[in-house]
Amino acid sequence: MGLEKTQMKSFKEKVFEIVKKISRGKTMTYKQVAKMAGLPRACRAVGNVLNKNYDSKIPCHRVIRTDGSVGGYNRGRQKKINLLRNEKTI
DNA sequence: CATTTGACGCCAA
DNA sequence: TTTGGCGCCAAAT
């Protein structure tokens with residue numbers, strides 16, 4: 001506790017926190033996440049960070065492109081589409 | 001420390 | 001509308 005070191009969350013950490021907060025059936029764009037993380041132009045960096053993420057606790061499949069395209073997924077594009085489609089039918 | 005990578009976004013043709 | 005190319009940025013190598 002006392003030893004609070006300016007723990008600046010890395011951009012990656014911020015992205016994970018933001019994506020974790022995406023409710024089921026909802027979706028966010030890479031640009032939106034980047035903006036929330038403090039870098040409105042780091043849309044690419046967001047995708048890069050999520051690409052290295054293998055934590056199922058992070059619903060990174062809810063992050064899509066700004067133009068509405070599903071984008072990519074480290075587990076298979078089709079899988080991401082299925083998940084989104086599944087959540088679509090709440 | 002320099003260079004490459006890549007799940008993006010936007011514009012001109 | 002679709003395609004090609006450029007910009008932009010953190011993380012990995």
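Note on naming: letters A, B, ... go to the chains in the order of the sequence lines (proteins, then strands), and numbering restarts at 1 for each one.
- Pairing of B:dG6, defined by two Watson-Crick or G-U wobble distances under 3.5 Å, is identified with C:dC9.
- Taking 4.0 Å as the cut-off between side-chain N and carboxylate O, A:Lys14 and A:Glu17 do not count as a salt-bridged pair.
- Rounded to an integer number of Å, the gap from CZ of A:Arg41 to P of C:dA10 is 12 Å.
- Taking atom CG on A:Asn48 and atom P on C:dC9, their separation rounds to 14 Å, with Å as the unit.
- A salt bridge links A:Arg62 with A:Glu87: at least one charged nitrogen is closer than 4.0 Å to a carboxylate oxygen.
- Nearest heavy atoms, A:Ile18 versus A:Ala37: CD1-N, 3.5 Å.
- Rounded to whole Å, the distance from NZ on A:Lys12 to P on B:dT5 is 20 Å.
- Distance A:Asn53 CG to B:dG6 C1': 16 Å, rounded to the nearest Å.
- Remark: P of B:dG6 and OH of A:Tyr73 are 19 Å apart, rounded to the nearest angstrom.
- Positionally, the nearest nucleotide of DNA chain C for A:Cys43 lies more toward the 5' end than for the other of A:Cys43 and A:Val49.
- For the pair A:Asp67 CG and C:dT3 P, the computed distance is 13 Å after rounding to whole Å.
- In this structure, A:Leu39 places its CG atom 15 Å from C1' of C:dG7, rounding to the nearest Å.
- Across all strands, A:Phe11 comes closer than 4.0 Å only to sugar-phosphate atoms, never to a base (heavy-atom distances).
- No donor-acceptor pair under 3.5 Å is formed between the side chain of A:Asn53 and the backbone N or O of A:Phe16.
- Neither OP1 nor OP2 of B:dC8 sits under 4.0 Å from any side-chain N or O of A:Thr66.
- When Watson-Crick and G-U wobble pairs are counted only if both distances are under 3.5 Å, C:dT1 pairs with no nucleotide at all.
- We find that NZ of A:Lys31 is positioned 14 Å from C1' of C:dC9, with the value rounded to whole Å.
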